[in-house]
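Reckoned from all heavy atoms, side chains included, excluding hydrogens, waters and symmetry mates. The sequence lines fix the lettering, A, B, ..., with proteins before strands; numbering per chain opens at 1. What you see is a predicted model; the values in this text were computed from it and never measured.
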2 protein chains.
Amino acid sequence: MSKRIAGPEIERLIQLLAKVPGLGPRSARRAALHLIKKKEQLLAPLAAAMGEAVEKVRICSRCGNVDTIDPCTLCSDPRRDPATIIVVEDVADLWALERAGAMNVRYHVLGGTLSPLDGVGPDDLNIKGLVARLAEGEVREVILAVNATVEGQTTAHYLTDQLSAFDIKVTRLAHGVPVGGELDYLDEGTLAAALKSRTAF
Amino acid sequence: MSKRIAGPEIERLIQLLAKVPGLGPRSARRAALHLIKKKEQLLAPLAAAMGEAVEKVRICSRCGNVDTIDPCTLCSDPRRDPATIIVVEDVADLWALERAGAMNVRYHVLGGTLSPLDGVGPDDLNIKGLVARLAEGEVREVILAVNATVEGQTTAHYLTDQLSAFDIKVTRLAHGVPVGGELDYLDEGTLAAALKSRTAF
């Protein structure tokens, strides 16, 4: 705002809200006003929840997930199959796969992809942690669930090299038509891949 | 999330973020993850700013604005012309007009519009406070800057009746405001132009 129209506390709240992904300068003002109007029902609980997150949230020293306990809920869940690890770029990918709920296994968060142009090398990713987990000998399969981007695929190739020393099956997610997707809207690469790895009907 | 994949503190944070206007369940997860990753730079300051807002923000007893002081920054600013009051429906409208920065005057926030169908009558709006301010005798002009909706115009007509007892010029925003549009979403240029060419009501 050009002029001071409210106390600095409110303007600071708006400025910080504008940095939250999904909100911009204009929607941050709307959000701030809504929060202020719902002070007791929403603003106060949200402030408390954030304060608690600041205090309690930590990175799992084993898999790189974020949680309030270390090792995280997934790493310390005895009902999960310890013989399979799904390797993901980011915690968001881990959460997405968990929502799919397809496999009851463990994860490993790399924290990014190899990107020489951006100066991201192997030492910047949590690869040593993965190798250490495999060296324990319990893991039989590593599923590389990296994004289907150039960087993701580069990272997958690098990891395959690194893991070749272990007697472990290394797999990657299938390429194909998204469930519910329409062929007409899909790119040629996906369609070619889906044709190539077609399955018996 | 169907399964517990993180501590309850993180899921509570996501649930509360999903209630912020502009964020939904999916973007709330993204926002939570981003906040957690930027714990020191963003999450902690935001938690502090929200906590401070909970403690300090109050409604101005004079005009109905939200601020950390009462009377608010605008009501206690001696450089503002006390002879003109702009009447708005909501604090968001006040902020929008202030961003336009066309007039250095005082405001009055009604807190809504007359809406018999929703059970909102004159006593549910901050009309008594407006009449009391006019009775002090300093105000020469009231600008009705209500939204160009049916409820807004109904409210404007009702207010004009109520204010006819005073020797005060009652004006409204010039046309230029799109019919059916809401002030909070308008660009500053349009708002400034509309203020400048206000007409007798």
Side-chain angles (χ1 to χ4, degrees), chain A residues 1-10 12-13 15-17 19-24 26-57 65-69 72-74 77 90-92 94-95 98-99 101, chain B residues 1-10 12-13 15-17 19-24 27-54 56-57 65-69 72-74 77 90-92 94-95 98-99 101 184-185:
Chain A
M1 279 165 243
S2 47
K3 283 191 289 183
R4 269 281 299 283
I5 66 164
E9 295 87 352
I10 295 176
R12 183 161 166 70
L13 178 62
Q15 276 165 16
L16 288 168
L17 279 172
K19 293 182 185 169
V20 174
L23 297 179
R26 195 168 281 247
S27 48
R29 273 194 298 264
R30 277 185 59 223
L33 209 50
H34 182 84
L35 289 169
I36 286 169
K37 281 183 189 166
K38 304 226 167 207
K39 202 161 85 168
E40 300 309 323
Q41 306 102 296
L42 186 53
L43 182 56
L46 189 54
M50 285 185 172
E52 203 164 30
V54 169
E55 219 155 278
K56 294 193 180 168
V57 168
N65 187 14
V66 295
D67 205 338
T68 44
I69 52 173
C72 72
T73 309
L74 305 189
D77 183 351
D90 195 275
V91 177
L94 187 165
W95 287 7
E98 271 301 297
R99 285 199 300 280
Chain B
M1 277 165 245
S2 45
K3 283 192 289 182
R4 268 283 298 282
I5 66 164
E9 296 87 351
I10 295 176
R12 182 162 166 72
L13 178 62
Q15 276 164 16
L16 287 168
L17 281 172
K19 294 184 186 169
V20 174
L23 297 178
S27 47
R29 271 194 299 264
R30 275 187 59 225
L33 210 49
H34 182 84
L35 289 169
I36 285 169
K37 281 182 190 166
K38 305 227 165 206
K39 201 160 87 167
E40 299 310 323
Q41 307 102 294
L42 187 53
L43 182 56
L46 190 54
M50 285 185 172
E52 204 164 29
V54 169
K56 292 192 181 169
V57 167
N65 187 14
V66 295
D67 204 338
T68 44
I69 53 172
C72 72
T73 309
L74 305 188
D77 182 352
D90 195 275
V91 177
L94 187 164
W95 286 8
E98 271 300 297
R99 285 200 299 281
D184 194 22
Y185 291 92

For a quick test of reading the model, state the closest non-hydrogen atom pair linking [X] to [Y] and the distance between them.
X: A:V66; Y: B:L33; value: CG2-CD1, 3.9 Å
X: A:L23; Y: B:P21; value: CD2-O, 3.7 Å
X: B:A47; Y: A:G51; value: CB-N, 3.8 Å

Value rounded to 0.5 Å, distance of [atom1] in [X] from [atom2] in [Y]:
X: B:I10; Y: A:T73; atom1: CD1; atom2: OG1; result: 7.5 Å
X: B:M50; Y: A:L35; atom1: CE; atom2: CG; result: 5.0 Å
X: B:E9; Y: A:D67; atom1: CD; atom2: CG; result: 8.0 Å
X: A:R99; Y: B:R29; atom1: CZ; atom2: CZ; result: 3.5 Å

Which bit of [X] is near chain B, if near means a heavy-atom gap under 4.5 Å: side chain, backbone, both or neither?
X: A:I36; answer: side chain
X: A:D77; answer: neither
X: A:K56; answer: side chain

Extract all donor-acceptor atom pairs below 3.5 Å that involve side chains of residues 38-45 of chain A and protein atoms in other chains or at least two apart in sequence.
{"unit_1": "A:K39", "atom_1": "NZ", "unit_2": "B:V54", "atom_2": "O", "d": "3.2"}
{"unit_1": "A:K39", "atom_1": "NZ", "unit_2": "B:V57", "atom_2": "O", "d": "2.8"}

Fill in the blank from the handout: Looking only at A:L46, A:L13, A:D90, A:L17, the option with the highest number of non-hydrogen pairs under 4.5 Å against chain B is A:L46
Handout entry: Heavy-atom neighbours of A:K37 NZ exceed 12 at 6.0 Å
Key = yes
